Amino acid sequence: MKQFNLIYHNDEAFVEELGEIRKWRAEHASYTTVFRIYSQDMEQAHIAHVCGILDAEMPDALYFGCTSNANILDGVLTREKIILTCTIYEYETTQAALLQFPFLEENCKEDVRALRQYCEANPWVQAIEMVATIMDMSMKVFCDEMSKLREDIQVFGGGAFNPDMDDETAAVFSKGNGFLAHGIVFLLLGGRDFHVYSRFISGWKPLKRKFRITKAEKSVLYELDGKPAFDVYHKFLNIEKNDKFFSNTLEFPFFMERDGIDILRCPLAVNEDDSFVMSSDMEEGAIVRLAYGDPETILRSIRQDGQKIADFRPQVVQTFSCAARRAFWGDRNISEETALFHKVAPTAGFYTHGEFIRINGNMLNFNVTLVIVAAREGDAANGEPVTFYDAKVDNLEKIPMIWRFVSFIEASTAELEEMNKKMALTAITDGLTKLYNRAEIERRIRETLGKGSGVVSLIMMDIDNFKRVNDVYGHKEGDHVIIGLSDVLRGITEKIKDASVGRWGGEEFMVLLPDHDVLDAMDVAEEIRAAFAERAFDKAGNQTISVGVTQARVGELADTLYSRVDKALYEAKAAGKNCVVRLD
């Protein structure tokens, strides 16, 4: 596999460069040739002119491309309007094909079905590269359909864009298919000697605080945790509605969980109702977290993942980088992300409106992300290992002070959350038994009765002759007996759905059984009685309990239910203790 990176300056120079490529092909084994064209020049006639030269000078070559926000050539941002990469596949077994379709939300299913049919008929397909116009489109249906492709097929690519991020016009094109302002192009690649490796890199780090999307429609995010979306940025980050809003939110975009992967989403603008226009789809019910990015942290991620690319020993590297990353870094520094890849293999690409990659079979649409694709033909070359990044040049152990501060805040927040959980649990549990206290078990009973649906049963019990245990063996042994009964209750009720158990007072306990009738409750009560009777204590030996059982009547209030189950317990005591009595 051989790659030439080209710039279109003028016809004469371009034809001369194509002549050099033809000469190289004549002197080396060469089969399929593919040109990728990325253009910041939005004039269709200009792009068509370049394509016309390709048709004339290299009629057997495939070509495709799109308009872009900016281009990457030899690993760095270039200000050249039109760049081309020429990839020559040197193995006869490597195959390639182009498919182009109109691309709208209403027809994207049909596009993907046609693609899937082609892949099923051509098992050589291993990888699909795509460029598409995706402005103002929901990508969910498309991604769901793409996830149905054969599991072994890798997919990657980017959204066509415009040099002006506020301009929604974009286009894709390919050999023999012309231009589409709403279109998608697939390059299919494969063969037994073709190898590809794709990864995504964000570099932003998620903060711990989670929010749930409670209202969203396509790329408009209305509410988080039931509150206007802007409240999160204003409350937690003190970000205001001004001309710096977009640049500020680039430092703190959202991570949205999808298919087990954190996907970056960036607010582009805030509306009058405090909703956000997001960079891509937001899904109601999804969990999001604010993320934090700083240059050094991002570069650390790129260096780590870059070494994995280097270890693959690629012959070419493609990059699909979000235009938002370019805005984050600025043109002066953006190439720090991609320049190192060119030391591994010829590197080119473009700045996108959204990035695509398939992970574990799932097609995902990213934002603010860098997708790296490494390819080669044949086995990995022998020789010295490739070092992607020399740590001697810049100390990798350096951690920005702001990230240390964020880590401190997160650790402190985690401790506070854990302390609050413990305090909340203490407020509703009995100190000795760790079961619910009376206030909490009563609250649960009243809440269950208030729902007014389904049967509800109560079990109330009392340790027999408990005063004698305290008098003869001491209060410490009495505590052991109470804890012993609580252990029996916990072990039995934890197997029962929605059961709640609490200490009613002293040696009395109450069990709430929603969706269980009195017959079920009798079985549970008997199991508790028998299990406790078999339990022996160090000093007090075996002890017993008396148990009352009842079922709530339709519309019954809690107080009358308490009175009846207490009466059932009294009758169990009167019947000789160590027994279960039911009272309807």
Side-chain angles (χ1 to χ4, degrees), residues 429-430 432-438 440-442 444-446 448-449 454-470 477-554 556 558-584:
T429 55
D430 173 65
L432 178 64
T433 65
K434 308 308 177 187
L435 299 175
Y436 291 128
N437 57 27
R438 177 159 181 166
E440 178 61 15
I441 191 66
E442 276 201 86
R444 288 171 173 258
I445 293 170
R446 293 180 187 276
T448 303
L449 292 175
V455 295
V456 179
S457 295
L458 288 186
I459 301 172
M460 188 176 185
M461 66 206 71
D462 178 270
I463 300 173
D464 297 327
N465 306 312
F466 184 71
K467 184 177 183 301
R468 182 176 177 278
V469 172
N470 281 331
E477 182 69 355
D479 287 347
H480 288 162
V481 173
I482 288 175
I483 293 171
L485 178 55
S486 68
D487 289 343
V488 169
L489 287 167
R490 188 179 293 106
I492 292 173
T493 58
E494 69 183 5
K495 299 177 292 185
I496 303 172
K497 183 181 178 181
D498 297 329
S500 297
V501 57
R503 188 178 182 187
W504 198 250
E507 66 272 25
E508 290 183 333
F509 293 81
M510 186 78 80
V511 178
L512 166 66
L513 297 175
D515 299 320
H516 287 71
D517 62 20
V518 71
L519 296 178
D520 292 336
M522 286 289 290
D523 292 339
V524 174
E526 181 56 34
E527 184 180 359
I528 294 169
R529 185 206 63 77
F532 182 70
E534 292 177 358
R535 193 178 187 102
F537 298 92
D538 291 341
K539 296 179 180 178
N542 295 91
Q543 298 295 317
T544 63
I545 56 174
S546 297
V547 189
V549 179
T550 192
Q551 179 179 320
R553 298 163 185 165
V554 177
E556 186 171 25
D559 288 342
T560 57
L561 183 61
Y562 298 154
S563 296
R564 190 165 64 258
V565 74
D566 184 68
K567 185 177 180 182
L569 171 60
Y570 178 81
E571 291 186 6
K573 292 283 189 183
K577 304 178 182 178
N578 191 25
C579 63
V580 178
V581 171
R582 160 187 169 183
L583 194 60
D584 295 330

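These figures come from a predicted structure and were not determined experimentally. Side chains are part of it too, since the values below use all heavy atoms of this structure and drop only hydrogens, waters and symmetry mates. Throughout, residue positions are numbered sequentially from 1 according to the sequence presented.
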Side-chain heavy-atom pair [X], [Y] within 4.5 angstrom cut-off:
{"X": "Met522", "Y": "Glu526", "value": "no"}
{"X": "Ile482", "Y": "Phe509", "value": "yes"}
{"X": "Asp464", "Y": "Gln543", "value": "no"}
{"X": "Lys497", "Y": "Asp515", "value": "no"}
{"X": "Leu458", "Y": "Leu512", "value": "yes"}
{"X": "Glu440", "Y": "Asn437", "value": "yes"}
{"X": "Val524", "Y": "Ile496", "value": "yes"}
{"X": "Asp566", "Y": "Met460", "value": "yes"}

Backbone N or O of [Y] within a donor-acceptor pair of the [X] side chain at under 3.5 Å?
{"X": "Ser546", "Y": "Asp462", "value": "no"}
{"X": "Asp517", "Y": "Val455", "value": "no"}
{"X": "His480", "Y": "Gly478", "value": "no"}
{"X": "Glu507", "Y": "Phe466", "value": "no"}
{"X": "Arg503", "Y": "Gly506", "value": "yes"}
{"X": "Asn465", "Y": "Arg468", "value": "no"}

Q) After noting the C-alpha distance and the side-chain angles of Ile463 and Leu485, does the key distance pass the side-chain contact (heavy atoms from CB on, under 4.5 Å) rule? A) CA-CA 8 Å; Ile463 300 173; Leu485 178 55; 3.7 Å; yes
What closest approach, in Å, do [X] and [Y] show between heavy atoms, and which atom pair accounts for it?
{"X": "Arg535", "Y": "Gly484", "result": "NE-CA, 3.7 Å"}
{"X": "Val565", "Y": "Gly548", "result": "CG2-O, 3.6 Å"}
{"X": "Gly502", "Y": "Leu435", "result": "CA-CB, 4.3 Å"}
{"X": "Ala572", "Y": "Val547", "result": "CB-O, 3.5 Å"}
{"X": "Leu561", "Y": "Ala552", "result": "CD1-CA, 3.7 Å"}
{"X": "Val481", "Y": "Ala540", "result": "CG2-CB, 4.2 Å"}

Q) Does CG in Asp584 sit with more than 12 non-hydrogen atoms of other residues, nucleotides or ligands closer than 6.0 Å? A)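 Result for CG/Asp584: enclosed.
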Q. Does NZ belonging to Lys573 count more than 12 external heavy atoms closer than 6.0 Å?
A.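 Yes, the 6.0 Å shell around NZ holds more than 12 heavy atoms from other groups.
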(Q) Within this structure, what is the OH-OG1 distance for the pair Tyr436 and Thr429, rounded to the nearest 0.5 Å? (A)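 Rounded to the nearest 0.5 Å, the OH-OG1 separation comes out at 9.5 Å.
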Q) Between atom CD of Glu494 and atom CG of Leu489, what is the distance when rounded to the nearest 0.5 Å? A)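 If we round to the nearest 0.5 Å, Glu494:CD and Leu489:CG are 11.5 Å apart.
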Q.
Within the 3.5 Å criterion, strictly below it, is a donor on Thr550 or Arg564 matched to an acceptor on the partner's side chain?
A.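 Result is yes, a qualifying pair exists.
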Q: Please determine which of Val580, Ile459, Val488 meets the side-chain contact (heavy atoms from CB on, under 4.5 Å) test together with Arg529.
A: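 Result: among Val580, Ile459, Val488, Val580 is the only option passing the side-chain contact (heavy atoms from CB on, under 4.5 Å) with Arg529.
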Q: Hey, can you tell me if Tyr562 and Trp504 have their rings parallel, tilted or perpendicular (30° and 60° cut-offs)?
A: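 It falls in the perpendicular class, over 60°.
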Q: Show the numbers, then the answer: is there a side-chain contact (heavy atoms from CB on, under 4.5 Å) between Ile545 and Glu508?
A: CA-CA 9 Å; Ile545 56 174; Glu508 290 183 333; over 6 Å; no
Q) Are Asp487 and Lys434 within salt-bridge range, i.e. N to O under 4.0 Å? A)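 No.
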Q.
With side-chain contact (heavy atoms from CB on, under 4.5 Å) as the criterion, how do Met461 and Val511 come out once you've worked through the C-alpha distance, each side chain's angles and the decisive distance to 0.1 Å?
A. CA-CA 9 Å; Met461 66 206 71; Val511 178; 3.9 Å; yes
